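Keep in mind that this is a model prediction, so the values were computed, not measured.
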Amino acid sequence: MQQLYRVGAYCRLSMDDFTAKGINEFNASISIENQKELLSKYIAMNSWLESKFYCDDGWSGGNFQRPAFQQMLADAQAGVINLILVKDLSRLGRDYVEVGRYTDEIFPSLGCRFISILDSLDSANEDSNMLHFRSLMNDYHLKDLSNKMKSVLNARKRSGQYISSTAPYGYQKSDDDSHKIVPDEQTAPIVRRIFALRQSGMAYAKIAATLNNEHIPSAKGGLWKYAIIRKILNNEVYIGNLVMNYTGSRTYKDKTKIHKPPEEWIRVDNAHEALILPEVWREVQEINKHLSNCY
């Protein structure tokens, strides 16, 4: 009697699937809908009537804590599914070591058969060496793509482009160029006042209290706080400079944020219109330096 397979059809799409050259072009062949259509046809062709779809849209192939992926594992453990089906091996993931761990250890331990359609891989009869080779190539692709993306972003930073999604308090994105910032007529005067209050010797917390008493919305949208004032008064963006690349991730697989050493920072002077005069900046930095331990 033929075994009845309850299929967990897994789909994934993320920025990993765009090349640096065509980063703004959507490849319809790997869309979630395209994956679902192919998987549905394959399920019907094999008369696997019981199936469930798991879709992670916008999740990296190097991250295995994706919500739909984790739900699929939970369902496999509970016996809801006993076959995991993907369009190709890169949909499962692009980390060679982790993909191998799932296909060699975790899926079999859960009693799940694994099939990658376009790779013609089937754990029921596949030589595991070929599966490992394809997984290794996907891992290399992820590393290569990560390096290309970093190169593109760093080139933009060095050219003075502002690449963050939101402008610093006191500025707004230019209507003519989203990679440039210009003074915000509403909040720029508040930044200048914050620097003036610091020039007078006022403590960070006192400046925050003054603005709160006047019911001026903060940079975070709520109340002004010590940390917000301190960040503004130490940010070179207000004298027209961009200091970028001071944080990053450990590796292309581990996205934990780390602080980079100063020699890896990217600095562009006079990148945009300053809100604060150089002499005001220097005076405030001297005050910050001498009062840092208590104010």
Side-chain angles (χ1 to χ4, degrees), residues 14-15 18 20 22-26 58 149-200 202-249 255 257 259-260 262 264-288:
S14 79
M15 286 302 293
F18 302 107
I23 191 170
N24 294 319
E25 299 175 5
F26 182 74
M149 290 296 296
K150 285 180 181 179
S151 294
V152 170
L153 290 176
N154 285 343
R156 290 179 178 177
K157 291 174 183 178
R158 292 190 182 93
S159 69
Q161 293 187 34
Y162 186 83
I163 63 172
S164 295
S165 58
T166 57
Y169 186 80
Y171 287 97
Q172 62 184 8
K173 292 288 190 76
S174 169
D175 291 335
D176 298 324
D177 185 349
S178 62
H179 295 301
K180 293 292 182 182
I181 55 174
V182 295
D184 183 330
E185 293 181 359
Q186 300 298 318
T187 56
I190 299 172
V191 171
R192 297 188 183 100
R193 186 173 176 217
I194 290 172
F195 275 83
L197 292 174
R198 188 60 167 171
Q199 266 188 297
S200 71
M202 189 175 289
Y204 295 137
K206 181 64 175 177
I207 296 174
T210 299
L211 298 178
N212 287 331
N213 289 336
E214 296 177 10
H215 305 290
I216 297 174
S218 82
K220 300 291 186 179
L223 293 175
W224 289 94
K225 297 180 181 179
Y226 170 101
I228 300 174
I229 298 297
R230 180 177 179 177
K231 184 176 182 180
I232 288 176
L233 290 170
N234 287 273
N235 194 341
E236 289 189 43
V237 73
Y238 297 113
I239 53 171
N241 300 341
L242 288 178
V243 181
M244 300 164 285
N245 208 50
Y246 47 85
T247 62
S249 56
K255 300 301 181 181
K257 183 177 288 188
H259 288 278
K260 296 185 176 181
E264 293 185 23
W265 296 359
I266 296 175
R267 176 187 296 274
V268 180
D269 295 336
N270 302 314
H272 53 266
E273 182 179 341
L275 298 186
I276 305 301
L277 294 172
E279 54 269 29
V280 173
W281 170 263
R282 287 192 293 269
E283 184 177 342
V284 166
Q285 297 318 299
E286 283 299 312
I287 294 172
N288 293 345

Tell me, do [X] and [Y] make a side-chain contact under 4.5 Å, heavy atoms counted?
{"X": "Ile181", "Y": "Val237", "answer": "yes"}
{"X": "Lys157", "Y": "Ile163", "answer": "yes"}
{"X": "Trp224", "Y": "Ile190", "answer": "yes"}
{"X": "Ile207", "Y": "Arg198", "answer": "yes"}
{"X": "Leu211", "Y": "Ser218", "answer": "no"}
{"X": "Tyr171", "Y": "Val191", "answer": "no"}
{"X": "Ile194", "Y": "Tyr238", "answer": "no"}
{"X": "Trp281", "Y": "Asn241", "answer": "no"}

Please check: side-chain N/O of Asn288 versus main-chain N/O of Asn234, any donor-acceptor pairing under 3.5 Å?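 Here the side-chain-to-backbone pair does not exist.
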Counting distance only, does the side-chain N/O of Gln285 pair as donor-acceptor with the main-chain N or O of Leu233 below 3.5 Å?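 At least one qualifying donor-acceptor pair exists.
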From Ile239 atom CD1 to Arg282 atom CZ, the distance as rounded to the nearest 0.5 Å: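 Going from CD1 on Ile239 over to CZ on Arg282, the span is 9.0 Å.
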For the atom pair NZ (Lys260) and CD1 (Ile266), what is the distance rounded to the nearest 0.5 Å?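 With rounding to 0.5 Å, NZ (Lys260) is 7.5 Å from CD1 (Ile266).
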Could you work out, with side-chain hydrogen bond (donor to acceptor under 3.5 Å, both in side chains) as the rule, every residue matching Glu279, not counting sequence neighbours?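 For Glu279 there are no side-chain hydrogen bond (donor to acceptor under 3.5 Å, both in side chains) partners, ignoring immediate neighbours.
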Going by the rule side-chain hydrogen bond (donor to acceptor under 3.5 Å, both in side chains), which residues pair with Arg158 if we only count those two or more places apart in sequence or in a different chain?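 Residues passing side-chain hydrogen bond (donor to acceptor under 3.5 Å, both in side chains) with Arg158: none at all.
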Pairs touching residues 174-194 that satisfy side chain to side chain donor-acceptor pair (under 3.5 Å), sequence neighbours left out: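 Sorted result for residues 174-194: Arg193-Glu214.
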List in chain and number order the residues that pass side chain to side chain contact (heavy atoms under 4.5 Å, CB included) with Ala274, two or more places apart in sequence or in another chain; answer none if no residue qualifies.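 With neighbours one apart ignored, the set is empty.
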If the condition is side chain to side chain contact (heavy atoms under 4.5 Å, CB included), which residues does Lys231 pass it with, not counting sequence neighbours?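 Lys231: no side chain to side chain contact (heavy atoms under 4.5 Å, CB included) contacts found.
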Walk me through it: do Tyr162 and His272 pass the test ring-ring contact (aromatic ring centres under 6.0 Å, His included)? CA-CA 9 Å; Tyr162 186 83; His272 53 266; 7.6 Å; no
For residues Ala167 and Lys173, report the shortest heavy-atom separation together with the two atoms involved.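 So the minimum-distance heavy-atom pair works out to CB-N, 4.0 Å.
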Looking at every heavy atom in both Ala188 and Gly170, which two are closest together, and how far apart are they?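 Where Ala188 meets Gly170 most closely, the heavy atoms are CB-O, 3.7 Å.
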Output all residues satisfying salt bridge (Lys or Arg N to Asp or Glu O under 4.0 Å) with Glu236, sequence neighbours left out; order by chain, then residue number.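 Result, salt bridge (Lys or Arg N to Asp or Glu O under 4.0 Å) vs Glu236: Arg267.
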